[in-house]
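Have a look at the structure below before the remarks.
When a residue number appears, it is its place in the shown sequence, counting from 1.
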Amino acid sequence: MRDETGEPGVARSEEGRPRERGGPPAAAEEVTVTACENGPLLVRGPFTLLTQDGRLIDPGRATVALCRCGRSSVKPFCDGSHKAARFRTGTEPQRPG
């Protein structure tokens, strides 16, 4: 699917929600995001990853690890840089205060 500029567009379900190209509508299956202690966010399920201007980012697989440490050379994906950076965080949300 391409938009009027010839760039890849965003596939959408009948309800207008973005969906993975060739995949089922986003609500058909559950998507889970797992916060790994001292590591990335693991995203599993039929997700759509977009740039801030709405272009599709091809994850290349069904499960992806998204960087939380900010050191990855392949952002938004994790490349394991959190280990060398000694990134530390738990799996529970950090509350302000």
Might you point out which heavy atoms bring [X] and [Y] nearest each other, and give the distance in Å?
X	Y	value
Arg88	Asn38	CA-OD1, 3.1 Å
Leu41	Val33	CB-CG1, 4.1 Å
Ser81	Ser72	OG-CA, 4.0 Å
Gly90	Arg68	O-NH2, 3.6 Å
Glu30	Pro46	O-CD, 3.9 Å

Just by distance, do the side chain of [X] and the backbone of [Y] share a donor-acceptor pair under 3.5 Å?
X	Y	value
Lys83	Gly80	no
Thr91	Cys36	no
Arg71	His82	no
Lys75	Gly70	yes

Worksheet entry | From OG1 (Thr34) to CG (Leu42), nearest 0.5 Å | 6.0 Å
Worksheet item: Between atom CG of Leu66 and atom CZ of Phe47, what is the distance when rounded to the nearest 0.5 Å?
Response: 7.5 Å
Practice prompt. Kindly indicate, with the supporting measurements, whether the criterion side-chain contact (heavy atoms from CB on, under 4.5 Å) is fulfilled by Glu29 and Val31.
Written response: CA-CA 7 Å; Glu29 293 179 44; Val31 175; over 6 Å; no
Discussion item. Just so I know, are the side chains of Leu50 and Leu56 near enough to count as touching, which here means a heavy-atom distance under 4.5 Å?
Written reply: yes
